[in-house]
Amino acid sequence: MAEAATEQRSPATPRPVRCIVKLGGAAITNKGELESIDEGSLRSACAQLRQAMSGDATPEKVMGMDWSRRPGDPADPVVDTEGFRDMAGLGIDTNFIVVHGAGSFGHFQASRSGVHKGGLHTALVKAGFVATRISVTSLNQEVVRAMAREGIPSIGLSPFACGWSTQQRKLVSANASQIIQSLHAGFVPVLHGDGVLDELLDCTILSGDVIIRHLAQLLSPKYVVFLTDVHGVYDRPPTDSNAVLLREIEVDDNGGWSVVKPALQGNRRGVETSVAAHDTTGGMETKILEAAAIARLGVDVYITMVDTEHSLRALKGDVDTSSDDWLGTVIRSAK
């Protein structure tokens, strides 16, 4: 990771990024249905992101930026060029970065072909790599369009196309110049988990959670938000009726972590995780480890459920762990 952090051919870093947002694949797609978007959750996440960017100001009208005709649309899109021409500015804080997971996009193709294990010399893996990237980039376009419809000037950026690569699945090359330039220009970069080249394995899958950790290390956001399909991190799979929501986790200088709230008996960590058979990125365990690594940097991490009042507060950075009225998990440095 240190090597990747130093490989930057970029302009001066912009003012500290306000927030990096992870839209979990399970939150914005229907993971049981191949390449199926949860339109309601994605729309809500984008609307709340717009609210967080707007602060206290509430625009009378959202000026959409998706001027493309979608399949099935009865007519060409209405483009209010005069409205944009009369605007002094967008009136929102665009100093955000969004990274989304794949959910029901990409994991199927990657797991069926073994892309995450490498081996581009075989026809199956090469075909699977192509199929995986077709799938994840198609989801990226839909996320960008959903944000654009909320008047957010979003730009899709793929790690593969930006030259990111790994060695034995460890990130070693991650040029962030396009990300930083996009931020300077007032755009919101939208990245995603992607298939990338690997120096030893030929190829592998780079998860969105690893991408967020690297960007947090490089750009020092004020806070990071993970939006998921559950309220946060539990002491066991949340489908278990006895599962307990872990509201606050502290991380020490060595990367060890412990549950602060609520008090748990026995197991210091108090967390059991499970990974779906088709998930090639490590599931919740990877999320917790990457979130802990971000917290070690002194950046608070908020994990909560998409499409709730709690997700809006997290996106605004309005989280108070001394109160029980916010449902989610805060992971922070023990310092």
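Start at 1 with the first residue, then count along the sequence.
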Beyond-backbone contact of Glu35 with Gln109, side-chain heavy atoms, under 4.5 angstrom: yes

Sequence neighbours excluded, which residues qualify as salt bridge (Lys or Arg N to Asp or Glu O under 4.0 Å) partners of Lys117? none

Does the Ser111 side chain pair with the main chain of Phe108, one donor and one acceptor, at a distance under 3.5 Å? yes

Results of salt bridge (Lys or Arg N to Asp or Glu O under 4.0 Å) for Arg145 - residues two or more places apart only: Asp66

Thr204 OG1 to Arg169 CZ distance, which is reported to the nearest 0.5 Å: 4.5 Å

For Gly328 and Leu245, the nearest pair of non-hydrogen atoms, with its separation, is N-CD2, 3.8 Å

Between the side chains of Lys126 and Asp202, is the shortest nitrogen-to-carboxylate-oxygen separation below 4.0 Å, so that they form an ion pair? no

Ignoring hydrogens and geometry, is there a side-chain-to-backbone donor-acceptor pair from Ser135 to Thr132 under 3.5 Å? no

Under the 3.5 angstrom rule, does the side chain of Lys222 hit a backbone N or O of Gly317 as a donor-acceptor pair? no

Backbone N or O of Val144 within a donor-acceptor pair of the Ser154 side chain at under 3.5 Å? yes

Checking the side chain of Asp235 only, and the main-chain atoms of Val244 only, is there a donor and an acceptor separated by less than 3.5 Å? yes

Counterpart residues, side chain to side chain contact (heavy atoms under 4.5 Å, CB included), relative to Ala27 (two or more places apart): Val306

Just by modelled atom types, is the Pro237 backbone N or O under 3.5 Å from a matching donor or acceptor in the Asp240 side chain? no

Quick one: pull up CD1 in Ile92 and CD in Gln51 and give me the separation to the nearest 0.5 Å. 12.5 Å

Is there a donor-acceptor pair closer than 3.5 Å between any side-chain N or O of Arg247 and the backbone N or O of Gly232? no

Under a 4.0 Å threshold between the charged nitrogen and the carboxylate oxygen, would Lys170 count as salt-bridged to Glu199? no

Please verify the inter-ring angle class for His231 with His310; under 30° counts as parallel, over 60° as perpendicular, anything in between as tilted. perpendicular

Taking atom CD1 of Ile134 and atom CG of Leu139, what is their separation to the nearest 0.5 Å? 14.0 Å

Atom CZ of residue position Arg69 - does it have more than 12 heavy atoms of other residues, nucleotides or ligands inside 6.0 Å? yes

For the residue pair Val233 and Thr329, what are the closest heavy atoms and their distance? N-OG1, 2.8 Å

Rounded to the nearest 0.5 Å, how far does CG of Leu157 lie from CZ of Phe187? 10.5 Å

Side chain to side chain, Asn175 and Cys162, heavy atoms closer than 4.5 Å: no

Please give me the minimum heavy-atom distance between Ile37 and Asn30, naming the atom from each residue. O-ND2, 3.4 Å

